[in-house]
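Step one of this worksheet: look at the structure below.
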Protein chains: 2
Amino acid sequence: MKTGPDIALLGSLIGDPARANILTALMDRRALTACELAQEAGVTPQTASSHLAKLIAGGLLSPEKQGRHRYFRISDEEVASALEALMGLAAYAGHRRVRTGPRDPAMREARVCYDHLAGDRGVQMFDHLTRRGMISYEEAELSLTQKGQRFAEDFGIDLDAIRTTRRPLCKACLDWSVRRNHLAGALGAALLDRFYVLRWARREKDSRVVAFSRRGAEQFDALFATATRR
Amino acid sequence: MKTGPDIALLGSLIGDPARANILTALMDRRALTACELAQEAGVTPQTASSHLAKLIAGGLLSPEKQGRHRYFRISDEEVASALEALMGLAAYAGHRRVRTGPRDPAMREARVCYDHLAGDRGVQMFDHLTRRGMISYEEAELSLTQKGQRFAEDFGIDLDAIRTTRRPLCKACLDWSVRRNHLAGALGAALLDRFYVLRWARREKDSRVVAFSRRGAEQFDALFATATRR
DNA sequence: CCCATGCTTCGATCGCCATCGAAGCGTTCG
DNA sequence: CGAACGCTTCGATGGCGATCGAAGCATGGG
C-alpha cells in the first residue's frame with residue numbers, strides 16, 4: 001500500500017469535462033452562480049448542482065450564499081495555483097481544447113490568473129521587479145525589498161492596507177503559457193487593480209483576457225522596461 | 001466554448017486509482033516493468049497494460065524496450081513536477097490515502113522526487129544554497145553563481161560533465177510535504193548521487209524514502225547549516 | 001524446435017457515475 | 001399570500017470504462 005497524498009481523488013474531480021469547464025470558468029476570480037456555471041459547462045442546473053457539491057466536498061470550491069443566489073468561487077490561491085500548474089503540463093504535453101483560436105494570442109499576452117496578471121505581460125512585470133531588486137528570493141520565499149516598497153507606494157498602492165490581510169504579500173505562480181513565474185499574492189492583485197484604475201487595461205467580458213489600451217501598453221512597457229517582451 | 005489547455009484529459013488520466021498508483025510508484029525515477037506496475041496498482045497485467053497505453057498516449061509515461069521486458073518511466077521532469085504540485089494540493093486539502101503511517105515521517109524528512117532530494121532535507125539544502133548566494137534567482141530562473149560552482153566542484157561534482165546534457169542545471173520544484181521549493185535539475189540529481197556515493201544516505205527498498213545514516217546526517221547538517229531544520 | 005516468460009489484444013461483463021425530468025424547498029418580489 | 005426564481009434532492013436511465021479470462025505475439029532459453 002502506498003502512502004502520501006491522494007492524487008486520484010483530485011484527478012477524478014478535475015477529470016470530468018463538465019467539472020473541468022466549471023473550474024476553468026472560475027480561474028478568473030469571479031464568483032458565479034450555479035446556473036451560470038451550468039451554462040459554462042454545458043449541462044443542466046441539476047447536473048451542475050451535483051458537480052458543485054462534489055467540488056466543494058473535495059475542497060476545490062467554496063460556496064457563498066447571497067440572497068437567493070449561491071455563488072461559487074475557487075477556494076484558495078493554492079487551488080488556483082495547482083490548476084494553473086496542471087494547465088502548464090497540459091499545454092506542454094500538447095493537449096489543447098480547441099484549435100488555437102483568435103482569442104488565444106490575447107490570452108497569451110495578458111490574462112487574469114485568479115486575481116493577478118498572467119501571460120507575457122505578467123512574466124515581464126515579474127522579471128523586471130526581480131531584476132531591479134524590488135523583489136528578492138530568499139529562503140525559498142519571495143519578499144518585497146525596501147526599494148520595492150518605495151516603488152509600490154509611488155505607484156499608488158497602499159501597502160499598509162494590504163498587509164492587514166493574512167494573505168502573503170508576494171507569491172510566485174507558474175505561468176502556463178510562458179512556463180515561467182509571474183507575481184501572485186496580495187501585491188500581485190493590487191498591481192492588477194491599479195492597472196484597471198489607471199485605465200491601462202480592462203477585463204474583456206466573459207473571458208480571462210486582460211485588454212491593454214494602446215496608451216496603457218506604452219506606459220506599462222515604460223514602467224517595466226528591463227525585460228524584453230517575446 | 002473555452003480555449004486553453006485541456007485539464008480534463010490529464011485529470012481523468014490521473015483520476016483513476018490504478019493509474020494514480022502507477023504514477024506514484026514511478027515518482028522515484030525508476031523504470032518498472034508492466035508486471036511490477038500491475039502489482040503496485042493492484043490489478044492484473046491485462047488491466048495494467050491498458051492503463052499504461054493510455055498514460056503513454058497522454059504523454060505522461062514513456063516506454064522503453066529492453067530484451068523481452070518493457071520498462072516504463074515518467075516521461076519528463078515537467079510531468080513529475082506537475083504531479084508533485086498536485087500532491088501538494090492534495091496534502092493541503094487534507095486528502096491522504098492512508099492514515100499517517102510509520103513510513104510517513106521518514107518520507108517527510110527525506111525522499112526521492114524523480115531523481116533529486118525532497119522533503120525537509122531537500123528544502124534545507126535549497127535554503128542554504130540560496131541564502132549563501134550559491135544559487136541566484138534571476139529573471140524567474142535559477143542559476144548557479146561563481147561561488148556555487150566552486151562549492152559544487154569542491155563537493156566532487158563534475159560540472160562540465162553535467163553541462164553536456166541538455167537538461168537545465170538548476171530548477172525549483174515545489175515540495176508537497178513542506179510546501180516550499182527544493183532543488184531539481186541536473187545539479188539536484190548530481191547532489192543526491194553524491195550523497196549515495198559518500199554513503200551519507202541510501203535508498204530504502206521499494207519506497208521513496210532516502211535513509212540518512214547518523215554520520216551522514218551530521219555531515220549533511222554541517223554542510224548545509226544555514227537553515228534550521230523544522 | 002518447443003516451451004516459458006512478458007506483454008498486448010479481444011471480448012464479455014459489470015458497476016459506477018453523469019445526465020436529466022420531476023418534485024421539493026427556500027428566497028424574493030409584487 | 002401567491003407566483004416566479006434559484007437551487008437541490010430524488011429516481012430512473014444510459015453509457016462509458018475498468019476489469020479480467022482467454023487467446024495472440026513476440027522474445028529468449030534450453
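What you are looking at is a predicted structure, and each value in this text was computed from that prediction instead of being measured. Chain letters run A, B, ... following the sequence lines, proteins first, then strands; residues in each count from 1.
- Atom CG in A:L55 sits about 14 Å away from atom P in C:dC17, given to the nearest Å.
- Here the P atom of nucleotide C:dT5 and the CD atom of B:E36 are 16 Å apart, to the nearest Å.
- In 5' to 3' order, the nucleotides of DNA chain D bounding all contacts with chain B (an atom under 4.0 Å from a heavy atom) are D:dA18 to D:dG28.
- With sequence neighbours excluded, the residues forming a side chain to side chain donor-acceptor pair (under 3.5 Å) with B:H182 are B:H116, B:D175, listed by chain and number.
- A:A41 meets the side-chain contact (heavy atoms from CB on, under 4.5 Å) test with A:A18, A:N21, A:I22, A:V43; sequence neighbours excluded.
- Smallest separation of non-hydrogen atoms from B:F155 and B:L191: CD2-CD2, 3.8 Å.
- Rounded to whole angstrom, the span from the CG atom of B:L52 across to the C1' atom of C:dG6 amounts to 13 Å.
- Using a 4.0 Å cut-off, some side-chain N or O of A:T47 falls inside it from OP1 or OP2 of C:dC20.
- The side chain to side chain donor-acceptor pair (under 3.5 Å) test applied to B:T47 returns B:T44, not counting sequence neighbours.
- Checked against salt bridge (Lys or Arg N to Asp or Glu O under 4.0 Å), B:E77 has the following partners two or more places apart in sequence or in another chain: B:R167.
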Show the atom names and distances, to 0.1 Å, of all donor-acceptor pairs under 3.5 Å that link a side chain in residues 51-64 of chain A to residues at least two apart or in another chain.
residue: A:H51; atom: ND1; partner: A:R19; partner atom: NH1; Å: 3.0
residue: A:S62; atom: OG; partner: A:S75; partner atom: OG; Å: 3.2
residue: A:E64; atom: OE1; partner: A:R73; partner atom: NE; Å: 3.3

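- Separating the CD atom of A:Q39 from the C1' atom of C:dC20 is a distance of 17 Å, rounded to the nearest angstrom.
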Between the protein and nucleotides 26-30 of chain C, list the N/O to N/O atom pairs that are separated by less than 3.5 angstrom.
none

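- The CG-P distance, from A:L13 to C:dC17, rounds to 11 Å in whole Å.
- Listed by chain and residue number, A:C35, A:E36, A:H69, A:Y71 satisfy the side-chain contact (heavy atoms from CB on, under 4.5 Å) test with A:T33 (two or more places apart in sequence, or in another chain).
- With sequence neighbours excluded, no residue satisfies side chain to side chain donor-acceptor pair (under 3.5 Å) with B:D16.
- Between B:R70 and A:A18, the residue anchored nearer the 5' end of DNA chain C, judged by the nucleotide with its closest heavy atom, is B:R70.
- Between A:E78 and A:K171 there is a salt bridge, since a side-chain N of the basic residue sits under 4.0 Å from a carboxylate O of the acidic one.
- With sequence neighbours excluded, no residue satisfies side chain to side chain donor-acceptor pair (under 3.5 Å) with A:S49.
- Annotation: side-chain hydrogen bond (donor to acceptor under 3.5 Å, both in side chains) contacts involving residues 191-202 of chain A, sequence neighbours excluded, are absent.
- The end-to-end axis angle of the helix from C:dC1-D:dG30 to C:dG30-D:dC1, rounded to 10 degrees and based on five pairs per end, is 20°.
- Here the nucleotide nearest the side chain of A:V43, chosen from C:dC7, C:dC17, C:dC20, is C:dC20.
- Protein atom CG of A:N21 is 14 Å distant from nucleotide atom C1' of C:dA18, rounded to whole Å.
- The interatomic distance linking B:L61 (CG) with C:dT8 (P) rounds to 12 Å, in whole Å.
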